[in-house]
Amino acid sequence: MALVSGSVRGIGLAVARRLARSGARVHVTWRSSAARADALSAEFEGRVHRADLEDEDETRALIEAVLARDGRLDAFVHAVGEFSAGPLATTRAAEVRRLLENNVLSAVHAFDAAREPLRAARGAALFFGVAGLEGLRGRREAAAYAAAKSALLVLVRSWALEEAAHGVRVNLVSPGVIPHEGAAAQTHDEARAARIPLGFAGTPEDVAAAAEFLLSDDARHVTGVDLPVAGGWLL
Ligand SMILES: NC(=O)c1ccc[n+]([C@@H]2O[C@H](COP(=O)([O-])OP(=O)(O)OC[C@H]3O[C@@H](n4cnc5c(N)ncnc54)[C@H](OP(=O)(O)O)[C@@H]3O)[C@@H](O)[C@H]2O)c1
């Protein structure tokens, strides 16, 4: 039984579909994309939930709804994570706060709510960073977003440490440039894709393949890692 948050489009949807194809019952979530959610209801047998994960109570209610329907939680994937770019000199504090609340606090709410059921199932959790977090290098592009994802990486490693004794694995997948219909405009830039060492942008399915591995028993000895899926971007 799996729950993928932020999953009615893009990477989250690709992960949800991949897990479903491998036989898991999968719950998907949306916040503002009602039409996409409606269109996916039959595919996910009604396991479609509206929740704003920046709201602690809504996040707790989401996990309770999942448990009420299926009784357990083996895998939690958090695909929420808004992006913004621009120099820090013109980035207002309110924008930094928005990125932290969306990328970091939503993850804290989700893991707090999912911790006990994941322990009960000796399950696994997966979060999304961004390529190039290793080394904590300064950035000219999307520095505030990278700072939020860096905070998330430290949380993921710390959750991995704390939860190891309970049999729960926690990992991060760090995509590079992954264009899709709903992705930020920057990901659709051909010049940017040409700067990727492998020479092409990745797809949501490329990221989903890595996610499926990290959630599977094949990765039973893997926890606390940051796995870039980025074609060598920012190596
Ligand atoms: N695409 C890339 O190139 C790329 C690169 C590096 C990292 N990543 C990371 O990979 C993850 C998935 O990326 P993506 O491109 O698939 O993202 P995306 O297209 O922006 O989709 C994320 C989904 O999260 C949902 N969401 C946002 N804020 C939420 C909140 N507060 N509560 C509940 N749901 C919320 C949105 O749902 P609604 O539409 O219903 O509002 C949205 O559809 C993110 O963490 C992102 O930062 C992506």
Side-chain angles (χ1 to χ4, degrees), residues 3-18 27-41 48-63 65 76-85 97-110 113 125-133 139 141-142 144-153 155-156 171-189 192-193 195-196 200-208 210-211 214 226-231 233-234:
L3 167 63
V4 186
S5 67
S7 48
V8 297
R9 70 175 194 216
I11 291 171
L13 179 57
V15 173
R17 284 187 163 145
R18 189 155 182 127
H27 292 253
V28 298
T29 85
W30 60 285
R31 176 193 53 176
S32 53
S33 299
R36 288 174 191 272
D38 275 354
L40 290 167
S41 184
V48 179
H49 311 263
R50 191 201 167 272
D52 181 346
L53 276 73
E54 288 170 55
D55 183 305
E56 196 170 1
D57 292 338
E58 287 191 24
T59 309
R60 204 173 302 115
L62 166 67
I63 301 290
F76 172 68
V77 180
H78 190 57
V80 168
E82 288 177 348
F83 173 83
S84 86
R97 185 178 300 116
R98 184 182 76 82
L99 289 171
L100 287 168
E101 288 179 350
N102 191 266
N103 283 278
V104 184
L105 277 183
S106 71
V108 171
H109 295 157
L126 187 73
F127 295 84
F128 291 101
V130 64
L133 295 179
R139 303 252 183 162
E141 292 175 10
Y145 173 71
K149 292 297 195 185
S150 298
L152 183 58
L153 171 59
L155 286 171
V156 163
N171 290 297
L172 193 77
V173 167
S174 284
V177 180
I178 312 289
H180 60 79
E181 190 200 343
Q186 288 87 341
T187 60
H188 294 271
D189 177 354
R192 174 180 277 236
R195 297 207 308 270
I196 298 169
F200 60 93
T203 65
E205 290 70 29
D206 291 325
V207 180
L214 285 172
D226 172 18
L227 176 59
V229 179
W233 177 252
L234 295 181

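Atoms within each ligand, like the ligands themselves, are counted from 1 in listed order.
Shown are Glu101, His78, Glu56; of these, the side chain to side chain donor-acceptor pair (under 3.5 Å) with Ser106 is made only by His78.
Between Thr29 and ligand 1, not a single N/O pair is under 3.5 Å apart. For ligand 1, the polar-atom distance check against His180 finds a nitrogen or oxygen pair separated by under 3.5 Å. An N or O contact shorter than 3.5 Å is missing between Val130 and ligand 1 by distance. Distances between N or O atoms of Ile178 and those of ligand 1 include at least one value under 3.5 Å. Ligand 1 has a nitrogen or oxygen under 3.5 angstrom from a nitrogen or oxygen of Ile11. Residue contacts with ligand 1: Leu53 is placed with a nitrogen or oxygen under 3.5 Å of a nitrogen or oxygen of the ligand (distance criterion only). Where the criterion is an N or O separation shorter than 3.5 Å, residue side chain and backbone included, Trp30 fails it with respect to ligand 1. Some N or O of Gly81 is nearer than 3.5 Å to an N or O of ligand 1, by distance alone.
The heavy atom nearest to atom 19 (O) of ligand 1, considering only His109, Arg9, Glu58, His49, is found in Arg9. Closest heavy-atom approach to atom 7 (C) of ligand 1 within the set Gly129, Gly202, Ala107: this belongs to Gly129.
Residue contacts with ligand 1 do not include Ser106, since none of its heavy atoms lies under 4.0 Å from the ligand. Residue contacts with ligand 1 include Tyr145, since one of its heavy atoms falls under 4.0 Å from the ligand. Ligand 1 lies within reach of Lys149, whose nearest heavy atom is under 4.0 Å from it.
Protein heavy atom at the shortest distance from atom 11 (C) of ligand 1 is Ala79 O, 3.5 Å.
Relative orientation of the His49 and His27 rings is parallel, given thresholds of 30° and 60° on the angle between their planes.
Remark: the backbone N or O of Ser33 is not paired with any side-chain donor or acceptor of Arg9 at under 3.5 angstrom.
Taking 4.5 Å as the limit, some side-chain heavy atom of Glu54 sits within range of a side-chain heavy atom of Asn102. Counting heavy atoms from C-beta outward, Asp57 and Arg60 have side chains that approach closer than 4.5 Å.
When only modelled atom types and interatomic distance are considered, Asp206 and Thr203 share a side-chain donor-acceptor pair under 3.5 Å. Between the side chains of Glu82 and Asn103, no donor-acceptor pair is found at a separation under 3.5 Å.
The 12-atom threshold is exceeded at CZ of Arg50, counting heavy atoms of other residues, nucleotides or ligands nearer than 6.0 Å.
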Begin from the C-alpha positions of Phe128 and Leu152 and carry the test side-chain contact (heavy atoms from CB on, under 4.5 Å) through to its verdict. CA-CA 8 Å; Phe128 291 101; Leu152 183 58; over 6 Å; no
